[in-house]
Amino acid sequence: MTTIGILGTGRMGVRLAEMFARAGQQVILGSRDPNRSAVIVSGLGQTTLSSGSYQDAADADIVLPAIFLRDGMLETLEPLRNQLDGKVYVDISNPFNDTYTDFILPWDTSGAEQIQHRFPKTRVVGAFKNVWWEVFDEPTFGDTVSDVFVVSDDESAKAASIQVAENTPFRYIDAGRLKNARTIERMTLLSGELGQRYGFFPRMNYKLLGETWTPGQRDRVASLISVSSTLS
């Protein structure tokens with residue numbers, strides 16, 4: 001079975017660890033202080049969830065650091081470089097400033113791209129960037145399942161990340177190349193502002209909506225285009 005190592009015991013790390021464990025995945029919740037991780041794991045009571053250090057979590061098949069760039073994530077991960085080589089690295093972070101009102105990175109890059117640049121041998125996948133922490137406590141909105149946008153330049157790593165999340169309460173959207181993390185990260189900045197304006201922060205998320213045309217509808221549109229071309 002694929003193991004997932006989550007580094008960080010903040011509000012995102014703990015929620016993701018519990019979500020994946022509830023979905024039946026083997027999860028290691030790693031902390032700078034393994035005793036803190038052990039207390040949290042004991043309280044969650046999930047049989048497939050275990051505790052450990054950052055090093056323990058980095059030994060997993062898929063590694064998911066839940067640490068902010070602004071808090072020295074890259075420097076924290078540097079001693080684990082050899083363990084991260086060749087691993088699927090799921091980047092959930094957004095490059096927020098201390099007040100969550102803006103990003104510490106310019107428009108022409110993203111947190112995911114910065115990680116890939118720093119650790120070129122890892123297989124970086126961006127996911128959960130559009131999901132605020134409180135959504136994990138109650139993932140559905142009425143009958144609506146919300147989306148997680150997944151990006152990577154490594155198609156097999158992207159597929160592995162989506163597969164391991166199969167039984168979790170979200171719909172996973174293949175959102176293309178890693179560069180698209182620039183847009184998705186900014187979408188989170190926008191949703192945060194809108195959520196505060198309309199009074200539902202931090203419980204809000206995105207849903208990609210679209211229509212599936214029946215063959216009959218496609219034929220009718222094609223016919224109308226043909227008539228239009230004939231008349232013009």
*asked:* If I compare all heavy atoms of Asn130 with all of Thr188, which pair ends up nearest, and what's the gap?
replied: CA-OG1, 3.2 Å

*Shortest non-hydrogen contact from Arg203 to Val135?*
CA-CG2, 4.2 Å

*Spell out, as yes or no, whether a donor-acceptor pair under 3.5 Å connects the side chain of Ser53 to the backbone of Asp56.*
yes

*Over all atoms of both residues, closest heavy-atom pair of Ile6 and Gly13*: CG2-O, 3.7 Å

_Rounded at 0.5 Å granularity, tell me how far CG in Asn205 sits from CE in Met187._
8.5 Å

*Could you state the interatomic distance from CG (Asn94) to CZ (Arg70), rounded to the nearest 0.5 Å?*
10.5 Å

_Side-chain ion pair, Asp153 and Lys179, N-O less than 4.0 Å_ = no

_Nearest 0.5 angstrom please: Phe96 CZ to Asp71 CG, how far?_
12.5 Å

*So if you build clusters from Ile, Leu, Val, Met, Phe, Trp, Tyr with side-chain heavy-atom gaps below 4.5 Å, do Val39 and Leu16 land together?*
no

*Look at Glu155 together with Lys158 and state whether they make a salt bridge at an N to O cut-off of under 4.0 Å.*
yes

_Under 3.5 Å: donor-acceptor pair, side chain of Thr48, backbone of Ala21_ = yes

*Answer yes or no: is there an ion pair linking Arg118 with Glu78, defined by an N-O contact shorter than 4.0 Å?*
yes

*Atom pair CG (Asn97) and CG (Leu105), whose distance is rounded to the nearest 0.5 Å*: 11.0 Å

*asked:* Just to verify, what does Phe200 make a ring-ring contact (aromatic ring centres under 6.0 Å, His included) with, not counting sequence neighbours?
replied: none

*Between Ala58 and Leu7, what is the shortest heavy-atom contact and its length?*
N-CD1, 4.3 Å

_Distance-only side-chain donor-acceptor flag, Asp33 / Ser31, under 3.5 Å_ = no

_Separation of Met204 CE from Leu194 CG (nearest 0.5 Å)_ = 8.0 Å

*asked:* Whether Asp102 and Arg186 form a salt bridge (side-chain N of Lys/Arg under 4.0 Å from carboxylate O of Asp/Glu) is what I want to check.
replied: yes

*asked:* If I compare all heavy atoms of Gly86 with all of Arg123, which pair ends up nearest, and what's the gap?
replied: O-CD, 3.4 Å

*Is there any ring pair (Phe, Tyr, Trp, His ring centres under 6.0 Å) pair reaching into residues 11-59, and which pairs are they, with sequence neighbours excluded?*
none

_I need the Lys129 NZ to Ile92 CD1 distance, nearest 0.5 Å._
8.5 Å

*Please say which of Leu190, Val131, Ile173 ends up in a side-chain contact (heavy atoms from CB on, under 4.5 Å) with Tyr206.*
Leu190

*Which ring pair (Phe, Tyr, Trp, His ring centres under 6.0 Å) pairs, counting each pair once, include a residue from residues 156-180, with sequence neighbours left out?*
Phe128-Tyr172, Phe136-Phe170

*Over all atoms of both residues, closest heavy-atom pair of Thr9 and Gly30*: CG2-O, 4.0 Å

